[in-house]
Amino acid sequence: MKIKSLSRAPAPAGSDVVRQPRNLDPSQHPFERAREYTRAVNAVKMERMFAAPFVGQMGHGHVDGVYTMAKDPGSLERFGSGSGDGVIKVWDLVSREEVWSVRGHENIVKGICWTPDRKLLSCATDKTVKLWDPYNTESKSPPLATYLGQGAFTDISHHRTEPAIAVASGAISIYDLSRPASAPTQTLRWPTSTDTLTSVSFNQSETSVLASTALDRAIVLYDLRTSSPLHKAILNLASNKVTWNPMEPFNFAVANEDHNIYIFDMRKMTRALNVLKDHVAAVMDLEFSPTGEELISASYDRTIRLWNRDRGHSRDIYHTKRMQRVFSCKWTPDNKYVLSGSDDGNIRLWRANASDRAGIKSARQMQKIEYDQALIRRYSHMPEIKRIKRHRHMPKPIKKAGEIKREELNSIKRKEENVRKHSKPGSMLRQPERTKMVLGTER
């Protein structure tokens, strides 16, 4: 076999040979777009090939299911979790190990939150709210304060600046942390509502405004300055969680039992800004990213999904073979990772961008990554690139449930169109309920 190779002798020192500049005239490069398209296809294929979102799990986890989690506002490394057996734990994200643990309640821990001075608050179905110091090195330190309620607590939220907390049960109870073991200073409820509240959350910008969801399918806004409700919207099914956008303080999202997530503007709640549809079971928890551009949701269908707030479908889905029903999820404060707590007692750490890798990158690597991402954005409308970027491997039960759900919704839509088509103009025939969300408002 003969092999011929092309080679050029190096230019002698002091010669007049200079490197010719590249001609960027498009007419001289008729295949430039074809080459860029090929590079874009290769880039999106490599992105999906190296997608490995799962990082690891936290220590040995809880004995019971993880029902709530909260981030330490003064640290990128610490976060707390509460489980169904009443145990509260604080974890270190760097070592992924437990740093503090206490059996704080007799029943399910339904909500935990951190105070600005890095104390931990927990509420449970045993009708108590307790204040802890997780930075105390003693293994069995008693709670710093205990607050009693009239019913089982379901959620807790801390005021951004004031030493006040809102706790949800049959009504919203406002406690003043500067008065240990005191009675609620305020009690908020909708006058005609008697159902249990499922979640409560303070607005982090309009700090006197808080939102709540209840089992009677209502979303209610309250104002602490007047100690009265402001507005009420009713969905088709009950909501499980409410969370505020950290960058757009007027916007909030609710996780609903109808498998959807609804994003509202508190100034106009007659209709949703966006409806996120992809889950095939009830959405149990959700949270906005620190940038306010994305959301993470945890569902009863054993998956977590990542969303762009202005899109109707998820950009990614995370699942493992052993992960059970997911009850809680959180973003890390640096916007690079997400956490999920499931019914199997494990807390899992995931990459927010599945193909991203931590570590120091050279300037050449960063330039290549930015170039590939620019190519993918430029040719994202092409069918092949769109197909590769959208494709995800899903568990068979979820895929099957999604197909059944789509068929049912299409059937309802066809039925409505037929009724509308055959009804006489001007008749008093009642129009059926639309498949999209229908809102009723009360003042």
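Just so it is clear, the values below take in all heavy atoms, side chains as well, and ignore hydrogens, waters and symmetry mates.
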Using 30° and 60° as the class boundaries, would you call the ring planes of Tyr37 and Tyr379 parallel, tilted or perpendicular?
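Taking Tyr379 first and then Tyr37, their aromatic rings stand perpendicular (interplane angle over 60°).
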
Whether Phe79 and Trp91 hold their rings parallel, tilted or perpendicular, with breakpoints at 30° and 60°
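Rings of Phe79 and Trp91: parallel, as their planes differ by under 30°.
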
Report yes or no: does [X] contribute a side-chain atom to a donor-acceptor pair with the main-chain N or O of [Y] at less than 3.5 Å?
| X | Y | value |
| --- | --- | --- |
| Ser299 | Met284 | no |
| Thr185 | Ile174 | yes |
| Asn346 | Gly61 | no |
| Asp92 | Ser95 | yes |
| Thr303 | Ile317 | no |
| His319 | His393 | yes |
| Thr320 | Met323 | yes |

Verify whether the ring centers belonging to Trp307 and His279 lie closer than 6.0 Å.
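Yes, close enough.
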
Strictly under 6.0 Å, is that where the ring centroids of His60 and His62 end up?
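They do not qualify: ring centres at least 6.0 Å apart.
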
Once rounded to the nearest 0.5 Å, what's the spacing between atom [atom1] of [X] and atom [atom2] of [Y]?
| X | Y | atom1 | atom2 | value |
| --- | --- | --- | --- | --- |
| Trp114 | Ser75 | CH2 | OG | 8.0 Å |
| Ile347 | Arg96 | CD1 | CZ | 13.0 Å |
| Trp244 | Phe288 | CH2 | CZ | 10.5 Å |
| Cys123 | Lys130 | SG | NZ | 12.0 Å |
| Gln373 | Arg377 | CD | CZ | 6.5 Å |
| Tyr222 | Ser208 | OH | OG | 15.0 Å |

For the residue pair [X] and [Y], establish whether any side-chain heavy-atom pair is separated by less than 4.5 Å.
| X | Y | value |
| --- | --- | --- |
| Arg189 | Leu197 | no |
| Arg390 | Arg315 | no |
| Asn260 | Val283 | no |
| Trp331 | Leu306 | yes |
| His159 | Thr207 | yes |
| Lys232 | Val220 | yes |
| Trp132 | Ile88 | yes |
| Val102 | Val87 | no |

Walk me through whether Phe264 and Asn251 qualify under side-chain contact (heavy atoms from CB on, under 4.5 Å).
CA-CA 6 Å; Phe264 288 96; Asn251 295 347; over 6 Å; no

Between Ser205 and Asn203, is a side chain to side chain donor-acceptor pair (under 3.5 Å) present by the stated rule, with each step listed?
CA-CA 6 Å; Ser205 179; Asn203 190 318; 4.9 Å; no

Does this structure show an ion pair linking [X] with [Y], if we count only N-O contacts that are shorter than 4.0 Å?
| X | Y | value |
| --- | --- | --- |
| Asp343 | Arg302 | no |
| Lys110 | Asp155 | no |
| Arg305 | Asp316 | no |
| Arg309 | Glu293 | yes |
| Arg387 | Glu384 | yes |
| Lys71 | Glu287 | yes |
| Lys389 | Glu47 | no |
| Asp372 | Lys368 | yes |
| Asp265 | Arg267 | yes |
| Glu407 | Arg414 | yes |

Test side chain to side chain contact (heavy atoms under 4.5 Å, CB included) applied to Tyr147 and Val167, Leu177, Thr128, the passing residue
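Option passing the side chain to side chain contact (heavy atoms under 4.5 Å, CB included) with Tyr147: Leu177.
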
Does Met266 form a side-chain contact (heavy atoms from CB on, under 4.5 Å) with Leu221? I'd like the steps, not just the answer.
CA-CA 8 Å; Met266 64 178 289; Leu221 299 179; 3.7 Å; yes

What's the shortest heavy-atom distance between Arg118 and Pro134, and which atoms?
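Taking Arg118 first and Pro134 second, the nearest heavy atoms are O-CD, 4.0 Å.
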
If you compare all heavy atoms of Ile304 against all heavy atoms of Val326, which two are closest, and at what distance to 0.1 Å?
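So the minimum-distance heavy-atom pair works out to CG2-CG1, 3.7 Å.
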
Step through the shown structure and confirm whether more than 12 heavy atoms of other residues, nucleotides or ligands are within 6.0 Å of CZ on Arg48.
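Yes, the 6.0 Å shell around CZ holds more than 12 heavy atoms from other groups.
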
